[in-house]
Amino acid sequence: MGSRMIHPVSVCLSLSLGTCWTSTPSPSPTPVGGTRARREGTWGPGKTEGRGGCAGRPEVLPSPPPLPPAVVVLYTQSRASQEWREFGRTEVIDNTLNPDFVRKFVLDYFFEEKQNLRFDVYNVDSRTNISKPKDFLGQAFLALGEVIGGQGSRVERPLTGVPGKKCGTILLTAEELSNCRDIATMQLCANKLDKKDFFGKSDPFLVFYRSNEDGTFTICHKTEVVKNTLNPVWQPFSIPVRVLCNGDYDRTVKIDVYDWDRDGSHDFIGEFTTSYRELSKAQNQFTVYEVLNPRKKCKKKKYVNSGTVTLLSFSVDSEFTFVDYIKGGTQLNFTVAIDFTASNGNPLQPTSLHYMSPYQLSAYAMALKAVGEIIQDYDSDKLFPAYGFGAKLPPEGRISHQFPLNNNDEDPNCVGIEGVLESYFQSLRTVQLYGPTYFAPVINLVARAAAKISDGSQYYVLLIITDGVISDMTQTKEAIVSASSLPMSIIIVGVGPAMFEAMEELDGDDVRVSSRGRYAERDIVQVDLTRERKSWSQKARWEGEANSSHSETMSTGQGTRC
């Protein structure tokens, strides 16, 4: 199971406020322009205007009262308690119906989670006085994914919450923080390092530190140890620029040279400092650094250095992220496949995983809703093909492993997750749960659609919800290997108390899936178990893993995860 993918995102916002304002401009005021202000929305001071009939005496127009100051408060919702907690506030802007706030909200964006946000707008005289109901001007609810998934990562929403009044709109824009995607690759060697070992030479390695604002240093990388040499050549390595210097190209980077000792008491050879900007010059020429040992330099007047380190090569690549693909116009196509095998139990019985209770959702419905509500924010048309497998279909009792839940072979699309749920419930009433559990047919079905896409405009995500062991493991592996070169990922969610150890080998985190001697080009499968199943397998990590793999693949282009 992989780690969660974190994307620091800056969210900025502006408002277009409506009739909820208590101050109304006087008749016939003179509009003035502004960077973002609509001309009909902001007003300048009263001005004189010459008119005939009064011997040229100017008429003074009344100045409208100043517009009240506005502040926006952002609340985030806890996934566990569903409580709203204040995240931050904008600065206060007054005298405009269309404030454009300078202060941004920086949020950690997780593709695999639905991050609910609430924006409350207040009319205030200070940043703390927002407790009075009359100061409330409106609010908007939305998910962070909706902002990022919007056209140009922008979304405009009406403000609501003041009965009988049009409160205006809020415009939100999301932008991934710069330098998060830069990866530096470099190779270094050394020459004539100090000899530290009594028997033999030295076993040198490098330790990289980035400087902090308080003058301290934080370790950020270690090279491998090169044994028994004073002239080591280290292997090329890659490091995120953000890790190396936190995006500050002139921040000091300190590099220590050590002689490795088995007991861990490594001998200090020397050090030198540089910066990302200086390192980047090696793209055109070698850069040589003197390795200095301050203690030796103080003791020996003729001390020159403890050797040199040469930067042989340095290059920087931009790693495209999930946000880049979405902003670039890539559309997600979300397909659902639900297990209708008899091992799930009679849907009319409370013990069934498909039990159609009038009071709560079944295990299948909960899994579908949890994952689907995240994915649907990134699917522009909200049309989801939905299939079932392992059932006998009426009237002839034919067994099918890829039947459309809406019973429409020509158009299996359902409108939104609610439409998928409705078709799922309808299928439970009409088909007979049977078996066996075959995955390959529905994987191949989606793969055929993904194979038609070669320009990066679309990406396919197949969600398979099942309760048991795969009956066609060999064919499933072959289907996965064949699909691994396509713009496609697979999420397998296991529900119920069955053991899923065999299925987890499809999740190629440690060993890439193979079939007939051929290995998958990418790890396109993520296997997750529902919360009820956590005690059955220590390897299961439900929180946030169902989709993190997809953002990794899209961020690397050829990454090791789906």
Side-chain angles (χ1 to χ4, degrees), residues 79-80 335-374 384 386-395 397-407 414 417-439 441-442 462-473 476 490-504 506-507 526-543 545-546:
R79 296 186 66 202
T335 303
V336 178
I338 298 178
D339 187 339
F340 280 78
T341 55
S343 57
N344 289 283
N346 186 341
L348 300 178
Q349 299 297 323
T351 55
S352 173
L353 295 170
H354 285 301
Y355 180 52
M356 294 185 289
S357 169
Y359 306 109
Q360 64 182 21
L361 294 175
S362 67
Y364 275 86
M366 285 192 292
L368 173 60
K369 192 175 180 67
V371 179
E373 285 187 343
I374 295 171
F384 305 130
Y387 298 91
F389 58 90
K392 279 188 175 182
L393 308 184
R398 174 178 60 90
I399 300 174
S400 176
H401 298 285
Q402 53 182 52
F403 64 91
L405 295 184
N406 64 2
N407 201 32
C414 301
I417 294 304
E418 292 303 321
V420 176
L421 285 169
E422 183 180 342
S423 297
Y424 159 64
F425 294 140
Q426 183 60 36
S427 291
L428 285 176
R429 298 184 184 96
T430 58
V431 305
Q432 177 186 349
L433 273 60
Y434 202 70
T437 306
Y438 288 168
F439 281 10
V442 72
L462 170 61
L463 170 64
I464 301 176
I465 309 177
T466 183
D467 81 315
V469 179
I470 304 173
S471 304
D472 64 339
M473 181 64 80
T476 295
I490 303 168
I491 308 167
I492 301 175
V493 176
V495 297
M499 302 299 286
F500 276 71
E501 280 71 15
M503 188 179 296
E504 289 182 357
L506 300 179
D507 190 337
Q526 183 72 37
V527 177
D528 281 284
L529 311 180
T530 57
R531 295 180 188 273
E532 304 95 280
R533 297 177 39 77
K534 272 191 170 182
S535 61
W536 291 84
S537 172
Q538 292 300 316
K539 292 183 69 180
R541 295 202 290 266
W542 167 265
E543 284 290 339
E545 300 237 344

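Residues V493 and I464 fail the side-chain proximity criterion, which asks for heavy atoms closer than 4.5 Å. When side chains are defined from C-beta on, E422 does not count as touching N406, because their heavy atoms never get closer than 4.5 Å. Residues D472 and I470 form a side-chain contact, since some pair of their non-hydrogen atoms from C-beta on lies under 4.5 Å apart. L361 has its side chain within reach of K369: a pair of non-hydrogen atoms, C-beta onward, lies under 4.5 Å apart. Contact annotation: the side chain of Q526 approaches that of D507 to within less than 4.5 Å [non-hydrogen atoms, C-beta and beyond]. I338 is listed as a side-chain neighbour of L405, based on a closest heavy-atom distance under 4.5 Å.
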request  = I would like to know whether I465 and L368 meet side chain to side chain contact (heavy atoms under 4.5 Å, CB included); could you show each step before the answer?
outcome  = CA-CA 8 Å; I465 309 177; L368 173 60; 3.8 Å; yes

inquiry  = Let's go through V336 and Y387 carefully: what are the C-alpha distance in whole Å and the side-chain angles of both, what is the deciding distance for side chain to side chain contact (heavy atoms under 4.5 Å, CB included) to 0.1 Å, and is it a yes or a no?
reply    = CA-CA 6 Å; V336 178; Y387 298 91; over 6 Å; no

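A donor-acceptor contact shorter than 3.5 Å is absent between the side chain of D467 and the backbone of G496. In terms of modelled atom types and a separation under 3.5 Å, the side chain of Y424 and the main chain of Y364 share no donor-acceptor contact.
The structure places NE2 of H354 at 14.0 Å from CD of Q349, a figure rounded to the nearest 0.5 Å.
Shown here for Y355 and L348, the closest heavy-atom pair between the two residues is CE1-O, 3.5 Å. Across all their heavy atoms, A386 and C414 have their closest contact at CB-SG, 4.0 Å. Closest of all the heavy-atom pairs between P441 and Q402 is O-OE1, 3.2 Å.
For N346, the CG atom sits in a packed shell: over 12 heavy atoms of surrounding residues, nucleotides or ligands are nearer than 6.0 Å.
In this structure, a donor-acceptor pair under 3.5 Å is present between the side chains of T466 and D339.
In this structure, F439 has its ring center at least 6.0 angstrom away from the ring center of H401.
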Can you give each donor-acceptor pair under 3.5 Å made by side-chain atoms of residues 429-438, sequence neighbours left out, with the distance rounded to 0.1 Å?
unit_1, atom_1, unit_2, atom_2, d
R429, NH1, F425, O, 3.3
T430, OG1, Q426, O, 3.4
T430, OG1, S427, O, 3.3

